[in-house]
Amino acid sequence: PQSVATLEVEEERGGATDDEPTPADPITTNLDIRVNAPDRIFVRGLGLDMTLGGGITVEGTAADPLISGGFDLVQGRLDVAGQTWNFNRGGLAFNAQGSPELDVAASRDVGDITAIIAVEGPVSGPAISLTSEPPMAQGEIASRILFGEGMGGITAVQAVQATELLATLQGNSGRGVLGTARETLGIDQLSVDQTADGGASVSAGTYVSDGVFIGVNQGVGDVGSEVEIEVDITDTIKFEGTTGNRNNSRVGISVEWDY
């Protein structure tokens with residue numbers, strides 16, 4: 001209608017731009033940290049029980065830290081094959097990537113040699129080496145560690161035990177001769193031991209259910225055999241029973257605590 005005014009509308013648009021916004025500079029966090037621990041660093045495992053002391057410095061940035069310093073042996077021991085070994089050196093340092101690495105060596109006079117066990121490399125997976133003075137093959141060293149004499153003076157059973165020691169030191173615990181046999185047979189325990197009269201006995205067993213173990217001990221030759229059973233009644237109380245082909249049966253209750 002003529003009474004309605006007509007308004008002309010003009011739309012104004014701001015000038016568009018294709019420029020991307022400039023990102024803010026990342027925040028850089030500079031590090032300057034010093035840690036001093038005279039005797040508060042503990043390393044335990046693989047037979048090691050060590051107390052270390054020293055200090056480290058952390059510099060650089062949070063994105064690229066630089067770690068220097070390390071820790072040296074204060075006190076400790078290395079237990080191998082039920083024996084306590086004396087440390088020749090011991091320490092923990094950081095490599096170029098900032099990962100801690102062990103450098104430990106211990107020695108013990110065994111028979112006519114000095115056996116040396118070294119633990120070196122990253123803490124997450126160190127390598128263990130066995131050497132001696134004068135130099136000998138590892139089998140000869142292991143034989144002297146366990147029995148005080150070379151391979152030529154030990155029995156076949158003892159030779160197997162020496163091989164098992166080497167497998168353990170090389171990080172293949174359970175992967176020696178007996179370990180492979182255990183896996184092949186599908187059992188939980190297999191061992192070869194020497195009897196008091198110089199004979200040999202073989203023990204094998206498996207867990208038939210949670211906390212119930214059944215095993216067999218068989219002597220080589222006219223030594224006899226036994227069947228054993230162990231039942232975990234509680235975490236600390238265990239029922240044990242054995243019966244043999246020579247009327248040598250026995251039962252008992254044992255109590256154990258881990259501490």
Side-chain angles (χ1 to χ4, degrees), residues 45-49 77-88 104-119 126-207 213-228 230 240 242 244-246 248 250 254:
L46 297 173
L48 292 171
D49 187 354
R77 67 178 187 271
L78 173 64
D79 293 325
V80 175
Q83 305 168 359
T84 300
W85 294 53
N86 298 318
F87 281 109
N88 297 341
V104 176
S107 63
R108 181 180 175 88
D109 292 333
V110 289
D112 54 351
I113 67 171
T114 299
I116 303 168
I117 295 178
V119 183
I128 303 177
S129 61
L130 179 63
T131 58
S132 69
E133 296 178 358
M136 286 190 174
Q138 289 191 334
E140 292 288 342
I141 302 172
S143 175
R144 284 167 169 78
I145 291 173
L146 291 176
F147 310 112
E149 55 184 317
M151 295 287 286
I154 64 176
T155 66
V157 173
Q158 292 173 330
V160 172
Q161 294 172 333
T163 302
E164 290 295 302
L165 174 61
L166 286 178
T168 301
L169 291 176
Q170 293 168 359
N172 297 318
S173 180
R175 292 298 301 168
V177 175
L178 297 180
T180 301
R182 277 194 296 267
E183 292 186 359
T184 302
L185 297 173
I187 58 179
D188 297 309
Q189 177 180 305
L190 179 64
S191 62
V192 179
D193 301 296
Q194 188 166 2
T195 60
D197 59 0
S201 66
V202 179
S203 300
T206 190
Y207 284 92
F213 176 85
I214 295 180
V216 177
N217 301 320
Q218 176 63 57
V220 177
D222 187 24
V223 181
S225 60
E226 290 182 339
V227 176
E228 64 175 315
E230 297 179 359
E240 299 175 333
T242 61
N245 61 354
R246 295 186 174 180
N248 53 344
R250 61 184 184 273
S254 64

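Just so you know, residue 1 is the first one in the sequence shown, and it goes up from there. Excluded from the calculations below are hydrogen atoms, water molecules and symmetry mates; all remaining heavy atoms, backbone and side chain alike, are included.
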Could you pull out all residues at least two apart from Y207 that satisfy side-chain contact (heavy atoms from CB on, under 4.5 Å)?
D188, F213
Under the side-chain contact (heavy atoms from CB on, under 4.5 Å) rule, collect the residues that match up with D109, sequence neighbours excluded.
T114
Before you tell me yes or no, could you show the steps for I141 and I113 under side-chain contact (heavy atoms from CB on, under 4.5 Å), namely the whole-Å CA-CA distance, both residues' side-chain angles and the distance that decides it to 0.1 Å?
CA-CA 8 Å; I141 302 172; I113 67 171; 4.3 Å; yes
Would you please name every residue forming a side chain to side chain donor-acceptor pair (under 3.5 Å) with S132, sequence neighbours left out?
none
Going by side chain to side chain donor-acceptor pair (under 3.5 Å), name the residues that satisfy it together with E228, two or more places apart in sequence or in a different chain.
none
Any chance you could measure I116, atom CD1, to E133, atom CD, to the nearest 0.5 Å?
4.0 Å
Let's go through L78 and V104 carefully: what are the C-alpha distance in whole Å and the side-chain angles of both, what is the deciding distance for side-chain contact (heavy atoms from CB on, under 4.5 Å) to 0.1 Å, and is it a yes or a no?
CA-CA 10 Å; L78 173 64; V104 176; 5.9 Å; no
For F147 against Q161, the heavy-atom pair lying closest together:
CZ-OE1, 3.2 Å
Rounded to the nearest 0.5 Å, the CD1 atom of I145 sits from the CH2 atom of W85 at a distance of 3.5 Å
Restricting to side-chain contact (heavy atoms from CB on, under 4.5 Å), what partner residues turn up for A142, sequence neighbours left out?
A162, L165, L166
Got a sec, which residues hit side chain to side chain donor-acceptor pair (under 3.5 Å) with T131, two or more places apart in sequence or on another chain?
none
Applying side chain to side chain donor-acceptor pair (under 3.5 Å) as the test, list every pair that has at least one member in residues 139-151; sequence neighbours left out.
D112-R144, E140-R144
Shortest non-hydrogen contact from R77 toward F87
N-CE1, 3.2 Å
The side chain to side chain donor-acceptor pair (under 3.5 Å) partners of S129 (sequence neighbours excluded) come to none
